[in-house]
Each structure stands twice: as C-alpha cells, then as structure tokens.
Amino acid sequence: MFLGFSFWFGVRVGGVTDERRPLPEGGEEQVWGYNYRTLEGHFERGEIIFTVHKSLTTGRVVFRIHALSQTGRIRNPFYWLGFKLFGRMLQKRFSRQSMQRLKAQVEEMLQQGWSTPSESNTTPVESTSSHEQAQQQLDKAT
C-alpha cells in the first residue's frame, strides 16, 4: 500500500542459508537466512538477502540485509514517475521496518522465555493464486 494504492508483486525465494562460516578474527559463526528475487512485472529487478549471524565464540548476533536492485520495466508513466520520486524512500523504509520487526520478535521471545517461535505466531506464506487481485495484476504484468 502506498498513497492509497495497492501493489502486488511477485518474488521467488532463491535460497535458504543454514551454515557455519569461519570469522576473519578466528572462530566461527552460524548463519541463517534466505534471499528472494523479483519476478517479471515487479517495479524493480533485483535480490534481497536477509541473514542472521551468531558468533559461536561470543554469542553476538547481527542481522544483515543486502539488497541489489535497478528499476524494472514500468509501462505506466504515472507509476514510473511515482517510483522515481518515492522508490528509494520506500526501499529504505522497508529495510527499517524489517529490522524493527525482527527486533520486536526477538525481544518478545526473550521476555516470554521462548527458545523458538510457536507455530501459531508465524506468518503464513501464501501463493498469489489465493488472492484474486494479486493474481490479476501478475497476469497483466507478464
């Protein structure tokens, strides 16, 4: 949603990470994460990688977002102008909100003594085919 308009865009999860990596200063870290790539019809062409890194020596945890993008093919001149004017601001807002959401989830888990999130608190991933409006917009874009 932006300025009262709803936009539905397709993305594809490109990979999931769950591995140990050596640290430059010695020791190891456990890394969990995933990435997704935009599909045709999206206002951007690119990929975002979300990772959580935990030092196995110190216990320090870091959340990272790495994004690469460029403007996609936007046929509607009104949407093209809107993306040129507001696109970068919205990218930054998305990153801030992602970090705030993860921080809030971790704080809630720590306060309640959780070690893993319960199934009832997870957000379901749904196919666009279950949302008629989203499927129509994807069909029109491709």
Side-chain angles (χ1 to χ4, degrees), residues 1-76 79-142:
M1 263 326 262
F2 181 69
L3 297 177
F5 294 95
S6 291
F7 298 94
W8 297 88
F9 296 112
V11 296
R12 174 173 289 128
V13 173
V16 175
T17 302
D18 183 359
E19 63 189 24
R20 286 186 178 204
R21 297 180 185 168
L23 291 168
E25 65 275 4
E28 284 187 313
E29 68 179 356
Q30 179 68 40
V31 182
W32 299 274
Y34 72 98
N35 70 61
Y36 70 75
R37 296 179 181 126
T38 60
L39 297 176
E40 190 173 332
H42 199 290
F43 283 178
E44 299 174 81
R45 287 188 307 244
E47 174 182 68
I48 297 179
I49 303 168
F50 300 93
T51 53
V52 175
H53 301 249
K54 180 177 182 180
S55 169
L56 299 177
T57 306
T58 65
R60 180 175 184 243
V61 176
V62 176
F63 175 54
R64 294 185 181 141
I65 300 173
H66 181 78
L68 298 168
S69 69
Q70 57 185 196
T71 304
R73 186 172 171 196
I74 305 173
R75 295 179 182 143
N76 181 311
Y79 291 160
W80 181 87
L81 179 61
F83 185 78
K84 287 296 183 185
L85 293 173
F86 301 108
R88 185 66 181 145
M89 175 197 68
L90 294 172
Q91 289 172 331
K92 288 180 178 182
R93 183 173 77 180
F94 175 78
S95 292
R96 277 192 311 275
Q97 288 174 337
S98 295
M99 289 185 284
Q100 290 168 350
R101 177 72 175 131
L102 182 64
K103 181 181 178 192
Q105 288 175 326
V106 170
E107 287 173 348
E108 179 182 353
M109 289 174 67
L110 291 172
Q111 288 172 358
Q112 296 184 11
W114 296 356
S115 58
T116 60
S118 69
E119 289 296 318
S120 63
N121 290 336
T122 60
T123 303
V125 175
E126 297 180 32
S127 169
T128 55
S129 62
S130 64
H131 295 278
E132 184 178 332
Q133 190 178 27
Q135 187 62 51
Q136 288 172 356
Q137 190 167 0
L138 282 174
D139 290 343
K140 188 167 42 170
T142 57

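Throughout, residue positions are numbered sequentially from 1 according to the sequence presented. Just so you know, these numbers use all the heavy atoms, side chains as well, and skip hydrogens, waters and symmetry mates.
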ask   = Out of curiosity, Thr51 OG1 to Asn35 CG, how far, rounded to the nearest 0.5 Å?
value = 10.5 Å

inquiry  = With a 3.5 Å distance limit and no angle check, can you tell me whether Thr57 reaches the backbone of Gly27 through a side-chain donor-acceptor pair?
reply    = no

ask   = Residues in side-chain hydrogen bond (donor to acceptor under 3.5 Å, both in side chains) with Arg45, at least two apart?
value = Gln70

key: salt bridge (charged side-chain N to carboxylate O under 4.0 Å, His left out) against Glu19, all qualifying residues, sequence neighbours excluded   = Arg21

key: Minimum side-chain heavy-atom gap Val31-Glu29 below 4.5 Å   = yes

note = Scanning both residues in full, the closest heavy-atom pair of Glu47 with Ile49 reads OE1-CD1, 3.8 Å

inquiry  = Between Thr38 (side chain only) and Glu44 (backbone N and O only), is there a donor and an acceptor less than 3.5 Å apart?
reply    = yes

message = Under a plain distance cut-off of 3.5 Å, with no hydrogens placed, do Ser55 and His53 share a side-chain donor-acceptor pair?
response = no

task = Find out whether Phe86 and Met89 are in side-chain contact, i.e. whether some heavy atom of one side chain is under 4.5 Å from a heavy atom of the other.
result = yes

request  = Taking the side chain as every heavy atom from C-beta outward, state whether Leu56 and Arg20 have any atom pair closer than 4.5 Å.
outcome  = yes

query = Under a 4.5 Å cut-off applied to non-hydrogen side-chain atoms, are Val52 and Gln30 in contact?
reply = no

query = If you take all heavy atoms of Glu28 and Leu23, which pair is closest and at what distance?
reply = O-CD1, 3.6 Å

Partners meeting side chain to side chain contact (heavy atoms under 4.5 Å, CB included) with Ile65 (sequence neighbours left out) = Ile48, Phe50, Phe63, Ser95, Ser98, Met99

